[in-house]
Q: 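First the structure, then my questions, so here it is.
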Amino acid sequence: MEHTREIITLQFGTYANYVGAHFWNQQEANFVYDRDDNDGGQVAEEELPHNDVLYREGRNEYNQTTYTPRLLTVDVGGTLGHLPMVGELYGNYLPLLHEQTTDDVLQRTKESAEQSKLNTDGELDVLQQPTAAISEYQQDLLKNQVNLVDKDYKLAESCNSWADYLYARYHPRSFNVLPGLMRQADVQALGTHAAGVELWQSVDFNEEFCDRIRLYAEECDGLQGFQLLFDIDDGFSGMASKCLEHLNDEYSRTNLALPLHYPRNVGYAQADPRTAHNIRVVNSVLSYGHLSDQASMFTPLSTLSTIWRNTTLQSRHLPGLKWQVDNLYQSSAVLAAFVDTATLGYRLRQTPETLSRFCQRICPAGRTMTAAAMSLPLGMQHEQQDLIDYLDANANGELLSQLSPGCEPGSSHLLQMIVARGIPLTRLKRPVAEAGEQLRMAAYRCDSVSQMLQLYYQCAYHGSLTHATATTLPLKTQLPFPYEIFDANISSNGFRLLGERESGTRVTSAPALAALQNSSKLGEHLDALHAQTHRVQLAKLQSYSQAALERDEYETAVDKLLEFRDNYEDSHYL
């Protein structure tokens, strides 16, 4: 009997939870309840995600079946917004809408959570936070009255937390709020890598969190590994680093780590802009030191083109998209679209790919850091252009925009994993009778999107090896995805128009291309980080001196960075 290849996902930090909220919304947008409702039946079953890889089945107190992400989130206080600490599956959310007394709700919450064994030692205290405002989108969602067609919820302007646009419902076990730390508008409540390490090692947090990982792992028949999304600019990087160590010690499974950089320069307590830059550098150096040892593969992600000492906040450009550079709701949607698309490479039904093999394919000889790239929307013209013509018109290989800051993998001697989505087979090429000039192209012999992409990159990228996967399932871009980021010349199904789409219509889906890439040129990213360390005076970083970071520990991390960089020398690889 073939077991489900389960994966446990962990999210550390506020921005990681912004990205995660969009990611889980996307998963539920792809659920198929009726084959006739599955994009008109156009997507074959084997081209859909295998939902059991990331999701678990359970039951609530009413003996109703629940289906929730196999997920643990960590964040500071004040980020859950209207969401209760123990989730919404056990009768503790809707009563608030029916104006039951606070005492009744708290007592019922406590009883339900204890019956559901959310606390392993049988004792649970329920703390009441001040009532949080519920966004208009969430209010309509609770009433089952969300208007996807013509109502503007203005989430980009009004969103104060990832909870404001979360459509997916998490298991009560998922929520982990750090005690004593409250979200602040301009200052990171958990500022340094060292502070995150210290918090991870505290008994109050560590025992319960590790028990929750264990409970998920024990439910799995064939646990294959872990996905980690974490904020690298603050102390959540320290928590994620120590968590990776724990996962390797206890489970010895493959792990894919995705360090996320904020789309703006975050602040730290009692730190001027120059000091804040130095703290970001130290956080990154310490994180990279752990990632190089502990991660099976890690891919830095950001919508910014550069991160360390970035004063201009120059954003990456994806043709067809335009978002507010520092907007957490919009920028996190772009990164989530990449994560959802790229990970389809090991999540599609009937695929032989595992997370372990997926990582091994593009991480040879200790090169565990990879770069991310994406094309969203793909750029094909609406109806007038087939994939074969689109690729021929872009023969220089510049289909993708980078989403790893400071990384330019180049176009030669490259290893990469490509995932294409949303391109119907009918858009691959013309029938023979109508093919015309297409018949003269070598690509006309290709019978699938993946074959055509592999041939394209074989020709465009010298001495490179590409693994391509394709599904006709598009990226779903209706609410709560920020559909407003698409240019006016993008059609409702995500293809490029010669003019503008009809007024009042929205982009509801889009084709996309995502890639994880590896080459010797990624060493330049590590060089750039190491160059920043020469400007750091650790003794002057008050936040780090308070966290008792030993200078030897920092210098060891810098040495590890240099050793890791050696893996990206061509002589080392050969």
Q: Is the closest side-chain heavy-atom distance between Gln402 and Pro409 below 4.5 Å?
A: yes

Q: Answer whether the closest heavy-atom distance between the side chains of Asp231 and Tyr18 falls below 4.5 Å.
A: no

Q: Under 6.0 Å from the CD atom of Glu157, do we count more than 12 heavy atoms belonging to anything else shown?
A: yes

Q: Where is the tightest heavy-atom contact between Ala168 and Glu28, given as atom of each residue plus distance?
A: CB-OE2, 3.4 Å

Q: Side chains of Thr14 and Asp75: do they bring a donor and an acceptor to under 3.5 Å?
A: yes

Q: Is His290 reaching over with its side chain to a backbone N or O of Leu286, donor-acceptor style, under 3.5 angstrom?
A: yes

Q: Knowing that exactly one of Gln416, Arg357, Arg361 qualifies, which makes a side-chain hydrogen bond (donor to acceptor under 3.5 Å, both in side chains) with His467?
A: Arg361

Q: Keeping the roles fixed (side chain from Asp234, backbone from Tyr268), state whether a donor-acceptor pair exists under 3.5 Å.
A: no

Q: Backbone N or O of Ala512 within a donor-acceptor pair of the Arg421 side chain at under 3.5 Å?
A: no

Q: Are there over 12 heavy-atom neighbours, none belonging to Asp186, within less than 6.0 Å of that residue's CG?
A: no

Q: Counting only heavy atoms from other residues, nucleotides and ligands, does the tally under 6.0 Å from NZ of Lys151 exceed 12?
A: yes

Q: Can you label the angle between the Tyr55 ring and the Trp24 ring as parallel, tilted or perpendicular, going by 30° and 60°?
A: perpendicular

Q: Which heavy atom of Leu522 sits nearest a heavy atom of Met369, and at what distance?
A: CD1-O, 3.5 Å

Q: Can you say whether the rings of Phe175 and Trp162 are parallel (under 30°), tilted (30 to 60°) or perpendicular (over 60°)?
A: parallel

Q: Check whether the side chains of His277 and Arg274 place a donor and an acceptor atom closer than 3.5 Å, and report yes or no.
A: no

Q: Under 3.5 Å, side chain of Ser464 to main-chain N/O of His413, donor-acceptor pair present?
A: yes

Q: With heavy-atom distances below 4.5 Å as the criterion, would you say the side chains of Asp140 and Asn147 are in contact?
A: no

Q: Side chains of Thr466 and Tyr456: any donor to acceptor distance under 3.5 Å?
A: no

Q: I need the Leu516 CG to Ile362 CD1 distance, nearest 0.5 Å.
A: 4.5 Å

Q: Among side-chain atoms of Thr9 and Gln227, is any donor-acceptor pair under 3.5 angstrom?
A: yes

Q: Could you go step by step and tell me if Phe209 and Leu10 meet the side-chain contact (heavy atoms from CB on, under 4.5 Å) rule?
A: CA-CA 11 Å; Phe209 189 77; Leu10 302 103; 3.8 Å; yes

Q: Looking only at non-hydrogen atoms, find the nearest pair between Ala468 and Leu453 and report the distance.
A: CB-CB, 4.3 Å

Q: Would you compute the distance between atom CG of Leu378 and atom CG of Leu387 and round it to the nearest 0.5 angstrom?
A: 7.0 Å

Q: Answer yes if the side chains of Thr370 and Thr299 hold a donor-acceptor pair under 3.5 Å, and no otherwise.
A: yes

Q: State whether a side-chain donor-acceptor pair under 3.5 Å links Thr275 with Asn278.
A: no

Q: Would a distance-only check, ignoring hydrogens and angles, find a side-chain to backbone donor-acceptor pair under 3.5 Å from Asp326 to Arg264?
A: no

Q: Within the 4.5 Å heavy-atom criterion, are Asn30 and Leu48 side-chain neighbours or not?
A: no

Q: Should we say atom OH of Tyr167 is surrounded by more than 12 heavy atoms from elsewhere, each under 6.0 Å from it?
A: no

Q: Kindly compute the distance separating CG (Leu228) from CG (Leu244), expressed to the nearest 0.5 Å.
A: 5.0 Å

Q: Do any N or O atoms from the side chain of Ser519 and from the backbone of Leu414 form a donor-acceptor pair under 3.5 angstrom?
A: no

Q: Using only atom types and a distance under 3.5 Å, with no angle test, would you say the side chain of Thr368 pairs donor to acceptor with the backbone of Met297?
A: no

Q: Tell me yes or no: between the side chains of Asp340 and Gln27, is some donor less than 3.5 Å from an acceptor?
A: yes

Q: Considering only heavy atoms from C-beta outward, does the side chain of Asn265 approach that of Pro273 to under 4.5 Å?
A: no

Q: What heavy-atom pair brings Ala470 and Ser450 nearest, and what distance separates the two atoms?
A: CB-N, 4.0 Å

Q: Let me see the working for Ser332 and Tyr15 under side-chain contact (heavy atoms from CB on, under 4.5 Å), right down to the final yes or no.
A: CA-CA 7 Å; Ser332 62; Tyr15 194 52; 3.8 Å; yes

Q: What I want to check is whether the side chains of Arg183 and Thr79 have a donor and an acceptor closer together than 3.5 Å.
A: no

Q: What's the spacing between Tyr262 OH and Thr303 OG1 if we round to 0.5 Å?
A: 12.5 Å

Q: Starting at SG of Cys363, measure out to CZ of Phe358 and round the result to the nearest 0.5 Å.
A: 9.0 Å

Q: Tell me if a side-chain donor or acceptor on Arg427 pairs with a main-chain N or O of Gln385 at a distance below 3.5 Å.
A: yes

Q: side-chain contact (heavy atoms from CB on, under 4.5 Å), that's the test. Do Thr469 and Leu344 meet it? Break it down for me.
A: CA-CA 8 Å; Thr469 301; Leu344 284 173; over 6 Å; no

Q: Which atoms form the tightest heavy-atom contact between Ser237 and Phe230, and what is the distance?
A: CA-CD1, 3.8 Å

Q: For Asn25 and Leu166: C-alpha separation, side-chain torsions, deciding distance, then whether side-chain contact (heavy atoms from CB on, under 4.5 Å) applies.
A: CA-CA 7 Å; Asn25 287 346; Leu166 181 65; 3.9 Å; yes

Q: Between the main-chain N or O of Ser174 and the side-chain N or O of Thr73, is there a donor-acceptor pair closer than 3.5 Å?
A: yes

Q: Do the non-hydrogen side-chain atoms of Ser241 and Leu291 ever get within less than 4.5 Å of each other?
A: no

Q: Do Leu256 and Ile7 come within less than 4.5 Å of each other through their side chains, counting heavy atoms only?
A: no

Q: For Tyr329 and Asp164, which I'm curious about, is there any donor-acceptor pair between the side chains at under 3.5 Å?
A: no

Q: Any sub-3.5 Å donor-acceptor pair from Glu500's side-chain atoms to Ala488's backbone N or O?
A: no

Q: Starting at CZ of Arg347, measure out to CD of Glu353 and round the result to the nearest 0.5 Å.
A: 13.0 Å

Q: How far apart are the closest heavy atoms of Ser401 and His317, and which atoms are they?
A: OG-O, 3.0 Å

Q: Tell me the ring pair (Phe, Tyr, Trp, His ring centres under 6.0 Å) pairs involving residues 472-513, sequence neighbours left out?
A: none

Q: Do Phe236 and Leu229 make a side-chain contact, defined as non-hydrogen atoms from C-beta onward lying under 4.5 Å apart?
A: no

Q: Looking at Arg565, Lys560, His525, which hits side chain to side chain contact (heavy atoms under 4.5 Å, CB included) with Tyr288?
A: His525

